[in-house]
Amino acid sequence: MGGLGTLLFLLGGLGALAHVCEITEVDSTLVERLGQRLLPWMDRLSPEQLNPSIYVGLRLSSLQAGAKEAHYLHSLKLSYQQSLLRPASSKDGNDSEAKPSMGQLALYLLALRANCEFVGGRKGDRLVSQLKRFLEDEKGAIGHDHQGQPRTSYYQYSLGILALCVHQKRVHDSVVGKLLYAVEHEQHLLQDHVSVDTMAMAGMAFSCLELSNLNPNQRNRINLALKRVQEKILKAQTPEGYFGNVYSTPLALQLLMGSLRPTVELDTACLKAKAALQASLQHKTFQNPLMISQLLPVLNRKSYVDLISPDCQAPRALLEPATETLPQTQVPEFIDVVLKVSGISPSYRHSVSVPAGSSLEDVLRNAQEHGRFRFSTQASLSGPFLTSVLGKKAGEREFWQLLQAPDTPLQQGIADYRPKDGETIELRLVGW
Ligand code: B12
């Protein structure tokens with residue numbers, strides 16, 4: 001390291017150069033443990049299990065997975081190019097695989113950028129056109145009067161703009177305008193649990209546009225919207241210190257880290273959030289690979305906005321697989337969980353007995369095997385998403401909400417949540 005490099009390093013170490021929202025002191029064993037949880041997922045290379053977010057998270061972290069990484073990116077490329085560039089669904093019924101969504105395509109483009117690649121060539125250009133078309137369609141769905149809603153979500157809309165931006169691809173002012181309007185009027189961005197995540201993602205799209213100056217006509221509006229996003233996220237801080245909840249805090253910090261608008265409020269809020277997040281790392285809060293992938297960059301003081309000019313030479317520690325802990329061969333203890341279904345008639349209520357430590361998905365399976373309960377799921381980057389219950393499929397802009405009775409929405413999905421003895425879990429069909 002040269003003289004200047006050493007000086008910067010020292011200053012950085014002292015915190016003089018660090019932004020107050022950056023986490024500077026992290027326990028490297030805890031980070032390693034998080035990284036190790038991603039490793040098994042990197043062996044899952046089937047199209048339904050590939051997850052570009054995992055690749056992005058790892059590349060922006062302080063860790064690397066050696067040869068697995070290149071192999072994973074290669075699989076992502078094959079899968080995404082194949083499914084996105086094949087002709088539109090043929091009518092003969094063989095085309096059962098769903099095409100990646102707008103957000104998934106955007107995450108794939110972020111993954112390319114995380115490997116310091118710019119999307120290009122004939123295939124690459126087609127992917128960019130496709131993403132632009134997705135955004136145009138969504139712009140149409142939102143409508144001239146802004147009365148409609150995107151078919152996916154403003155979260156995915158933001159991801160789309162961000163992905164094009166880090167590849168230095170310009171999107172039309174009118175496309176950016178829809179997101180600006182949504183933030184200015186808080187339309188559909190502020191539904192309970194998804195609001196902070198969506199605000200953070202929208203903010204990162206704006207940060208990228210601001211830094212790259214791709215839409216100079218919108219400069220002032222972008223600037224103001226960023227200020228607004230920052231305010232909204234700070235306002236959503238919980239008494240414990242989380243922005244929204246523990247799982248939206250990583251994205252919120254990714255956004256706030258890049259803030260060019262330091263204020264006393266921001267300083268105080270970030271100190272509190274960092275402490276809360278660091279405390280949560282001591283527990284088993286972060287198990288889900290998607291959540292880990294959004295968290296790891298933060299623990300390395302990086303955000304998706306850094307994909308404008310990623311540092312692919314930065315040294316990263318090689319991850320070794322976790323040493324196996326022997327399974328305990330004790331007779332399992334059983335717990336009782338009450339499963340309740342509401343929002344449809346007739347309603348349903350039944351007690352299920354499962355081994356302690358079972359997931360909610362295990363509970364649902366048990367209820368299905370031993371009674372009239374029925375459910376189905378759809379794979380997503382976050383894991384299995386509950387799509388139908390007792391034969392009732394959630395319709396457009398509806399979903400099966402998971403709650404701990406009487407009225408606490410769960411912060412985890414069916415595969416990750418582990419109910420306790422005597423708990424009542426409610427599945428409620430609601431609009432969003
Ligand atoms: C938008 C959104 C929703 C929308 C999705 C509908 C839509 N058409 O977009 C709605 C409101 C329905 C929703 C529901 C839920 N969500 Co949500 N959601 C998000 C959000 C903001 C963006 C997801 C996204 O578009 N990703 C990008 C695309 C490219 O990835 P994707 O995998 O293709 O996206 C799909 C899945 O993410 C799926 N989905 C959305 N939420 C969840 C949650 C879980 C656990 C699973 C398995 C799937 C899933 O819907 C997306 C669209 O099809 C994320 C925020 C984040 N930080 O990731 C939270 C987030 C993933 N959701 C979360 C939660 C907890 C839930 C619920 C379990 C809440 C509840 N108590 O019921 C339910 C899911 C219940 C079920 N039926 O299985 C948490 C997950 C935390 C964790 N530990 O894993 C997040 C991180 C929000 C948070 N900070 O708490 N969600």
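Numbering of ligands and ligand atoms starts at 1, following listing order. Just so it is clear, the structure is predicted and the values come from calculations on it, not from any experiment.
- Classified by interplanar angle (parallel below 30°, tilted 30° to 60°, perpendicular above 60°), the ring pair Y157/Y154 is perpendicular.
- Polar contact check, D197 against ligand 1: a nitrogen or oxygen pair lies under 3.5 Å apart.
- Interface of M291 with ligand 1, defined as ligand atoms under 4.0 Å from a residue heavy atom, comprises 57 (N), 82 (C), 83 (N), 84 (O), 86 (C).
- Residue contacts with ligand 1 for Y155 involve side-chain atoms from C-beta outward but no N, CA, C or O (heavy atoms, distance under 4.0 Å).
- Where the criterion is an N or O separation shorter than 3.5 Å, residue side chain and backbone included, Q104 meets it with respect to ligand 1.
- Each of the atoms 65 (C), 81 (C), 82 (C), 83 (N) of ligand 1 lies under 4.0 Å from some heavy atom of Q411.
- In terms of polar-atom proximity, L386 is counted as a contact of ligand 1, with an N or O under 3.5 Å from an N or O of the ligand.
- Separating the NZ atom in K302 from the CG atom in L60 is a distance of 8.0 Å, to the nearest 0.5 Å.
- For the ligand labelled ligand 1, residue N245 lies inside the 4.0 Å heavy-atom shell.
- Taking CD1 from I142 and CG from D145, the interatomic distance works out to 11.0 Å, rounded to the nearest 0.5 Å.
- No part of A394 comes within 4.0 Å of ligand 1, judged by heavy-atom distances.
- Annotation for ligand 1: atoms under 4.0 Å from non-hydrogen atoms of G413 are 45 (C).
- Shown here for K272 and T238, the closest heavy-atom pair between the two residues is NZ-O, 4.2 Å.
- Any N or O atom pair closer than 3.5 Å counts here, and L402 shares at least one such pair with ligand 1.
- By heavy-atom distance, the residue among Y417, F385, F243 lying nearest atom 50 (O) of ligand 1 is F385.
- For ligand 1, the atoms closer than 4.0 angstrom to any heavy atom of W400 are 75 (C), 76 (C), 77 (N).
- For Y108 and Y55, the gap between ring centers reaches or exceeds 6.0 Å.
- A distance of 12.0 Å separates CD of E398 from CH2 of W432, quoted to the nearest 0.5 Å.
- Remark: R151 CZ is loosely packed, at most 12 non-hydrogen atoms of other residues, nucleotides or ligands lying under 6.0 Å away.
- Heavy atoms from both the backbone and the side chain of Y247 come within less than 4.0 Å of ligand 1.
- Under the rule for a salt bridge (Lys or Arg N to Asp or Glu O under 4.0 Å), the partners of D362 that lie at least two apart in sequence or sit in another chain are R365.
- Counting heavy atoms only, W432 comes closest to atom 7 (C) of ligand 1 of the residues Y108, Y242, W432, Y154.
- Annotation for ligand 1: atoms under 4.0 Å from non-hydrogen atoms of G103 are 29 (C).
- Counting heavy atoms under 4.0 Å from ligand 1, residue L251 touches it through the side chain alone.
- To the nearest 0.5 Å, atoms CD (Q411) and CG (D416) are separated by 12.5 Å.
- Short contacts between ligand 1 and Q412, defined as distances under 4.0 Å to a heavy atom of the residue, involve ligand atoms 65 (C), 68 (C), 83 (N).
- At a 4.0 Å cut-off, not a single heavy atom of V246 sits close enough to ligand 1 to count as contact.
- Ligand 1 lies out of reach of G244, whose nearest heavy atom is not under 4.0 Å from it.
- Per-residue contacts place S248 under 4.0 angstrom from the following atoms of ligand 1 (heavy atoms of the residue considered): 89 (N).
- For V196, no heavy-atom contact with ligand 1 is shorter than 4.0 Å.
- Looking at ligand 1, you won't find any N or O of T198 less than 3.5 Å from one of its N or O atoms.
- Interatomic distance, M204 CE to M199 CE, rounded to the nearest 0.5 Å: 13.5 Å.
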Inset, instruction - Start with the C-alpha gap between Q294 and S53, add the side-chain angles, then the distance that decides, and say whether side-chain hydrogen bond (donor to acceptor under 3.5 Å, both in side chains) holds. - result: CA-CA 8 Å; Q294 296 181 351; S53 182; 5.0 Å; no

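- Residue-ligand proximity, L410 to ligand 1, at heavy-atom distances under 4.0 Å covers atoms 65 (C), 69 (C), 70 (C), 71 (N).
- The environment of K68 atom NZ is dense: over 12 non-hydrogen atoms of other residues, nucleotides or ligands sit within 6.0 angstrom.
- Listed by chain and residue number, nothing satisfies the salt bridge (Lys or Arg N to Asp or Glu O under 4.0 Å) test with K123 (two or more places apart in sequence, or in another chain).
- A cation-pi contact, defined as under 6.0 Å to the ring centre and within 45° of the axis, links R113 to F118.
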